Asks: 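I have a structure here, written as structure tokens, and I will follow up with some questions on it.
All of these numbers come straight from a predicted model, not from anything done at the bench.
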Protein chains: 2
Amino acid sequence: MTQKADRDQIRRQNRSVVLQALRRKGPQARIDLGRVTELSPATVTSITSDLIAEGLVVGVDEPGQREREKGVRGRPRSLLALHGAAASILAVKLSVNTIELALADYGGTLIARGAASFDSVAVTAEGFGQTLVETIRNFLAKHDIGRPPVIAIASQGVVDDSAGTVAWSPAFAVRHVPVIAPLREAFGVACMLSNDTNMIAEALHRIDPVRYGGTFAVLFVDYGVGMGLFVNNRLFVGETGAAAEIGHASHIPGGALCRCGRRGCLEAYLGDYALRRHALRLDPQTPPSTIPVARDTIRGLINDAENGDAGALDAFRAGGTALGYAFARIIATLDPRRIVVTGAASNAFPLMREAALAALDEALVADLRGDVEIEAIAWEEDLILRGTIARALHSLDTEVFAETGVSALQMPVGGQA
Amino acid sequence: MTQKADRDQIRRQNRSVVLQALRRKGPQARIDLGRVTELSPATVTSITSDLIAEGLVVGVDEPGQREREKGVRGRPRSLLALHGAAASILAVKLSVNTIELALADYGGTLIARGAASFDSVAVTAEGFGQTLVETIRNFLAKHDIGRPPVIAIASQGVVDDSAGTVAWSPAFAVRHVPVIAPLREAFGVACMLSNDTNMIAEALHRIDPVRYGGTFAVLFVDYGVGMGLFVNNRLFVGETGAAAEIGHASHIPGGALCRCGRRGCLEAYLGDYALRRHALRLDPQTPPSTIPVARDTIRGLINDAENGDAGALDAFRAGGTALGYAFARIIATLDPRRIVVTGAASNAFPLMREAALAALDEALVADLRGDVEIEAIAWEEDLILRGTIARALHSLDTEVFAETGVSALQMPVGGQA
DNA sequence: CAACTTTTTTTCGGACGTCGAAAAAAATAA
DNA sequence: TTATTTTTTTCGACGTCCGAAAAAAAGTTG
């Protein structure tokens, strides 16, 4: 049953709508905010003056503005913008042997970036929290910032967002590694944990909410296969946060041997090791650990294929077939508007397309397919960190700062209090 | 981006909350409504007096009430209830050769039921609308009711809810059969169209919103395999209404021959014809049309299996394996709280359980499985019509009657105006 | 049986958020 | 300097919710 509504809720929602408008459309005058949000000018004035008093929004003087309005009569518009110093976000990306960090302000401006290495294999459930805390502490010290109010982490593998742990990741030998708890304890700040592929979906949605909206899926094909899912314009993570973990869902019962030890996972046909295994014409049961892969394995295979190497071509054809079946199963279950393929292997999509579409035809009645669009987009490493930042900012806009009477989480900068 | 909120929205939502509370908890006093909805007594009085004036709610005298409160001091509670005559719902269930009908009032009370036969195979895209209109007209004439304000249809197969057509159904030889348009034209009333298995999920959710809430899936295993999906406490139908059509999603690429002409669909292992085909030890490529099935095929097979028939036992074992893989794929994609198995084959779940759980183990890393509960519930034919009525009533509560100043869609009863 | 107690329901006034209209502010044009 | 235009703010009205108080309608008690 729906919840009751009261007056406070209206204000909360409208504050949030104004903040989101400023985030989406950049600095703008009150009159524009009124048009975008459909709130009356009177209400916009009321809400923005609160937000300004609380330090969440500031008046800005955009230099270009003056000239662009040269010769326009009337009272000049005074632009408002999100106040960068109102909060800051530390986005952390966990992958094999690497922790990447990015610091952004409330306006979404990137302030600093960094990276650190660690030994994934040696990680213990207890020790990793400490590693993470130290890495973050070092990074923050180097960038002269006291206390980031929000830490958002994106991790490979299966994330349990209610427990705040990484339930299972190719990066770790151990399971159920606590992440949120040690950070909250060390820094006493709000923390959130997400799956990395979900953050790709989030980034795409923030970049183009129309194209990447409604219900859509992102397939990340790289060292493994991940999936990010939006349902009804919202990130969907399931009951425990483990939704969209299609990489280790079964493609062919009893099929090729996967890294996870099971047989027939989608990843065992599409992961970098799987493609190489196929290209080398090794037995599908060859243990993945014995197959040499590196960061650029997929690029190498694409090169080989483009030079006419039959093994590589075959590997992508087989991968394409698996991909097509994955499309079919996603469509049958979710009827999405769009499926996006990205990751290192997205460059190989032209090599896989034909097999993928043939498999889709074979696997799904045409009447079930709807109008789903399938596209491959070039892979950018940064998408994950950008999505992570975007998600954290959105949660500030809708949850923290929507609350009336909350002043900015003041960020001490430099030596000043 | 979220929409702005205004004053009217508060009232709409709170009216809706009150109506839903009356529906969920039955007749109750204002003070109880206040407790359930968390609205103040003053607000409850204000909202209910509007609702009473509009004919949506009436005061009732429940005979038991008096005695139960014997000896209780204070002003006696005066119970309010949904006013049955405020609207009526005609639920229509379309299946092979049969149209079932049920008429209910706004209070959810069943007023009449009926059924009619028609020749599914002979249906044409243009003619079916007429058949449906006539069937409904006859039914309504027989029950002395003028003009049902809401018609809700549940159909087998793939429903396109934006187009208002049955895109593809085992009941019809033709595709894209218009349903909404002819009804709206003939009766000029609000119509909605859903997939039948989705209505099972809806019925379960209304019966026990806690148990059947959040994200859960219903697998309907019977003549075919259907799926109903709730995501975040709401029915999920995808972008075109074709979500959760797992029956014709691929289980084994190139596998057993399905009714739809493709190979390896889940249904080709779990549908009644598939089970019989296996039990008779026929080749998996034997065309389904040549396999004799009837309404009680599954019951017969269960009997055979319980009497030790090796073929029938094998068939259920194979079906169980397919079911287990389906579980695994659903869990990997959606991470649901619960998966419910129902339909005629749910009685066979004990015969399938072992194979299903073994397949699930084989197909999905344990860490991905979350705390999903898998249960089989006895199949009741009525669940579909009940869910259809429930869905229509819910849409009245939240969309039509939530609007302020809407008086009841007066239902002419008997000879009276 | 009249006064008291208890519980439910209604009434009343205050607070608050949105909106439209009018006023004020700040520019250009004549 | 006055008129015009556009943006922003102010003001008053209206609607909704809520708390408090009053009213209503019973049972209890002496």
Asks: Would the distance check show the side chain of A/D208 and the main-chain N or O of A/Y212 forming a donor-acceptor pair, the cut-off being under 3.5 Å?
Replies: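 Looks like no, no N/O pair under 3.5 Å.
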
Asks: Please check if the side chain of A/E239 supplies one atom and the backbone of B/T215 the other of a donor-acceptor pair under 3.5 Å.
Replies: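 Yes; judged by distance alone, with no hydrogens or angles, the pair exists.
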
Asks: For A/N14, report the nucleic acid contact type (base, sugar-phosphate, nothing); a contact means any heavy atom under 4.0 Å.
Replies: sugar-phosphate

Asks: Rounded to whole Å, please give me the gap between CD1 in A/I31 and C1' in C/dA26.
Replies: 14 Å

Asks: For A/R11, which contact category applies under a 4.0 Å heavy-atom criterion: base, sugar-phosphate, or nothing?
Replies: sugar-phosphate

Asks: Can you tell me how the ring of B/Y106 sits relative to the ring of B/F401, calling it parallel under 30°, perpendicular over 60° and tilted otherwise?
Replies: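 B/Y106 and B/F401: perpendicular rings.
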
Asks: How many Å lie between CZ on A/R15 and C1' on C/dC16, as a whole number?
Replies: 14 Å

Asks: For the pair A/D105 (side chain) and A/A85 (backbone), establish whether a donor and an acceptor sit closer than 3.5 Å, ignoring hydrogens and angles.
Replies: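 Looks like no, no N/O pair under 3.5 Å.
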
Asks: In whole Å, what is the span from the CZ atom of B/R12 to the P atom of C/dT18?
Replies: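 It is 15 Å, rounded to the nearest whole Å.
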
Asks: Salt bridge or not for B/R23 and B/D397, using N-O below 4.0 Å?
Replies: yes

Asks: For B/R7 and A/S78, find the nucleotide of DNA chain D closest to each by heavy atoms; which residue's nucleotide sits nearer the 5' end?
Replies: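 Taking each residue's closest nucleotide, the earlier one in sequence belongs to A/S78.
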
Asks: Check this for me: B/R234, atom CZ, are more than 12 non-hydrogen atoms of other residues, nucleotides or ligands nearer than 6.0 Å?
Replies: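 12 or below, so no.
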
Asks: Would you mind reading off the distance between A/Q28 atom CD and D/dT8 atom C1', rounded to a whole angstrom?
Replies: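 In whole Å, D/dT8 C1' and A/Q28 CD are 15 Å from each other.
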
Asks: Where the side chain of B/R73 is defined as all heavy atoms beyond and including C-beta, which of C/dT5, C/dT8, D/dT8 is the nearest nucleotide?
Replies: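 The answer is C/dT5.
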
Asks: Below the 4.0 Å mark, does C/dT8 have OP1 or OP2 next to a side-chain nitrogen or oxygen of B/R77?
Replies: yes

Asks: Let me spell it out: for each of A/V72 and B/G74, pick the nucleotide of DNA chain C with the closest heavy atom. Which residue's pick is nearer the 5' end?
Replies: B/G74

Asks: Of the options C/dT18, D/dA25, C/dT9, whose atoms approach the side-chain atoms of A/T43 most closely?
Replies: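 Of the options given, the side chain of A/T43 lies nearest C/dT18.
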
Asks: Looking at five pairs on each end of the helix from C/dC1-D/dG30 to C/dA30-D/dT1, what is the angle between the two axes, given to 10 degrees?
Replies: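 For the helix from C/dC1-D/dG30 to C/dA30-D/dT1, the axes at either end differ by 30°.
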
Asks: If I take atom CG in residue B/L33 and atom P in nucleotide C/dT8, what distance separates them, rounded to the nearest angstrom?
Replies: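 From B/L33 CG to C/dT8 P: 13 Å.
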
Asks: What's the CZ-P distance between B/R75 and D/dA21, to the nearest Å?
Replies: 19 Å

Asks: Looking at every heavy atom in both A/D335 and B/G241, which two are closest together, and how far apart are they?
Replies: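 Shortest heavy-atom contact: OD2-N, 3.2 Å.
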
Asks: Reckon B/K4 has a side-chain N or O less than 4.0 Å from the OP1 or OP2 of C/dG17?
Replies: no

Asks: Figure out the CG/C1' separation between A/D8 and D/dT16, and round it to whole Å.
Replies: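 Checked: the CG to C1' distance equals 12 Å.
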
Asks: Does any N or O in the side chain of A/R30 come within less than 3.5 Å of the main-chain N or O of A/L80, such that one atom is a donor and the other an acceptor?
Replies: no

Asks: Using atom CG of B/L39 as one end and atom P of D/dG15 as the other, report the distance to the nearest whole Å.
Replies: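 Those two atoms, CG and P, are 20 Å apart.
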
Asks: Is any NZ, NE, NH1 or NH2 atom of the basic residue among A/E38 and B/K4 found under 4.0 Å from an Asp or Glu carboxylate oxygen of the other?
Replies: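 A salt bridge is absent here (no side-chain N lies under 4.0 Å from a carboxylate O).
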
Asks: Of the candidate nucleotides D/dT10, C/dT18, D/dT8, which contains the atom at the shortest distance from the side chain of A/A42?
Replies: D/dT10

Asks: Below 4.0 angstrom, which residues in residues 44-52 of chain B have at least one non-hydrogen atom near DNA chain D?
Replies: none

Asks: Using only modelled atom types and a 3.5 angstrom limit, is any donor from either the side chain of A/R30 or the base of D/dT8 paired with an acceptor on the other?
Replies: no

Asks: Is a side-chain donor-acceptor pair under 3.5 Å present for A/Q13 with B/T2?
Replies: no

